[in-house]
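Quantities reported herein were computed from a predicted structural model and do not represent experimental measurements. Below, chain A is the first sequence line, B the second, and so on; all start at residue 1.
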There are 2 protein chains.
Amino acid sequence: MSSIRLAIVGLGKIARDQHLGAIEATDGIDLVAVASRNAKLEGVHCFSDIHELLASGIEIDAISLCTPPQGRFEQAQAALLANKHVMLEKPPGATIAEVFALDQLAQKQGKSLFATWHSREAAAVEPARKLLSERKVRSVHVEWKEDVRHWHPGQAWIWEPGGLGVFDPGINALSIVTRIMPESFHLTASELSFPANRAAPIAANLTFASASGIAVTAEFDWRQTGPQTWDIRVETEEGPVVLTHGGSRLLVDGTAQIVEEDREYRNLYRHFVSLVNAGRSDTDFSPLVHVADAFMLGRRNVVEAFED
Amino acid sequence: MSSIRLAIVGLGKIARDQHLGAIEATDGIDLVAVASRNAKLEGVHCFSDIHELLASGIEIDAISLCTPPQGRFEQAQAALLANKHVMLEKPPGATIAEVFALDQLAQKQGKSLFATWHSREAAAVEPARKLLSERKVRSVHVEWKEDVRHWHPGQAWIWEPGGLGVFDPGINALSIVTRIMPESFHLTASELSFPANRAAPIAANLTFASASGIAVTAEFDWRQTGPQTWDIRVETEEGPVVLTHGGSRLLVDGTAQIVEEDREYRNLYRHFVSLVNAGRSDTDFSPLVHVADAFMLGRRNVVEAFED
């Protein structure tokens, strides 16, 4: 099967930190073009936006969207209408309605759509999922606390409506919990802390209940300095199952099981290649659904202004 | 076919104003029980809550939930697990995740689930839908302005997280627009006005775009005194199509077409009877999806405190 000719749209921090290297390391897919308002990349075709790219006539099979979620619908729609396969960075869009519409459009066009959740590719996630499917879960607690100044320096869009604020990292945790939990769950309470000068929350406290009544709680906070915390602790009748370091390490009943290097984005591109070759899509929007629910059901507190 | 034996859970304002009379007027369904914390009804079995109702052993086939959306999931889940058909007042739940879970549970149990949108049964809605499917729509504007003190006197739950505030009436407009529009649309901007002392918005300004770029705008406001406004104005290439009075009147190209008495809830129960008898469900959650999107994408303003 010939290699997928890929274009990246959006050449910001996430594209440079993760996507370019992962594409380089993945068989069956080659980067042939980029579209970016400001940046250029050597050795590939460069365009200023997706419309110029699509109008150029260069041959591409697929587009990976690494732009902020606001405005991504129009790009994904244009790509699908031009008969390109599409891979979406997380979160897959700014609204639930638009990602559902993209899913339907991809089906109609017969193209692959991949709504990626890179944290689901962390090394501990699949082993944890298997383990929990054989155990009796009592409760889940998520602690996802990081320093926004370190991870999102000067990214103004993240504080704007649609940028999701602390849910930008928090949705990673939700993408893991929705994958490893043996049953679905829904929000019952949400407390959101908004800086006085920002349109997006800097912290959130969430309480969910599963169908059988298991409590799932989550604390997201962007004000953590010093050591960062990305932990998911699952209490089971047989003992605790704990994912740390964003899902890359696993402790079962207190014993460390996995310490592996980060291969999240390489796994994503490998999966995208297999989806395209099989003519399938992978569009689980449940993490974004939980975030929308957290806003809809959220009680909001105003906290200290945040200056970047 | 024998009549459906129905129980109502929640005997508040909407049940008394609308449901009881509609059930009485509908063939094929009979009210045999109610569950209400505080109220009783003559001539039927009375229970204090759904669990007491289900444990009582009296024979019922279906349950209509008229309680506030917060906490309705547990009631609907209990009803479906007890093999009862379920009808949900609008909004169908407090979160998107929970209504998706109910939909799956109903399928698994082989029971009918009906997520009702009473405004879709207003007289002008179906004629408008047919008309717009044959016309070229240019834009849609919704003006939904009413006096909350008149329509929701002392209903504290409506101002709490999950009560949706002005989206409680606004979702009625969205239920009509999602039904009559020939294509799907998604939110692109949302401005929400929160009273300083309340957890839910008193006004909202929404901008949506359809897949083909049609602008759909909506103004919701709960501070309107005097004449109330529940209008949807659709500009088409062939002339304006206007629904007024909450969808009960239709003007086409300036000429009044329909002035009909309100049969919304009778139509809902008739539809529920046909769903149960056919073994089908009717679960379009798109109006609630748009509301969740409006909160997630919302820019919030704080406005004057609201006292009931």
Less than 4.5 Å to any heavy atom of chain B: does that hold for the side chain of [X], its backbone, both, or neither?
{"X": "A:Val99", "value": "neither"}
{"X": "A:Phe208", "value": "neither"}
{"X": "A:Leu164", "value": "side chain"}

Looking at side-chain heavy atoms only, is the closest gap between B:Ile180 and B:Val125 below 4.5 Å? yes
Are side-chain heavy atoms of B:Phe185 and B:Thr178 found at a separation under 4.5 Å? yes
Under a 4.5 Å cutoff for heavy-atom pairs, which residue among [options] has the most contacts with chain B?
{"options": "A:Arg300, A:His290, A:Gln77", "value": "A:Arg300"}
{"options": "A:Ala101, A:Ala199, A:Ala189, A:Ala94", "value": "A:Ala94"}
{"options": "A:Glu160, A:Glu74, A:Gln104, A:Gln70", "value": "A:Glu160"}

Quick check, are the ring centers of [X] and [Y] under 6.0 angstrom apart?
{"X": "B:His85", "Y": "B:Phe114", "result": "no"}
{"X": "A:Trp222", "Y": "A:Trp159", "result": "yes"}
{"X": "A:Phe73", "Y": "B:His186", "result": "yes"}

Please test A:Glu219 against A:His141 for side-chain hydrogen bond (donor to acceptor under 3.5 Å, both in side chains), starting from the C-alpha separation and ending with a verdict. CA-CA 8 Å; A:Glu219 293 173 75; A:His141 183 66; 2.9 Å; yes
I'd like to know which of B:Leu105, B:Leu81, B:Val289 tops the heavy-atom pair count under 4.5 Å against chain A. B:Val289
Interface residue of largest heavy-atom contact number with chain A, from B:Ser184, B:Gly93, B:Ala211, under 4.5 Å: B:Ala211
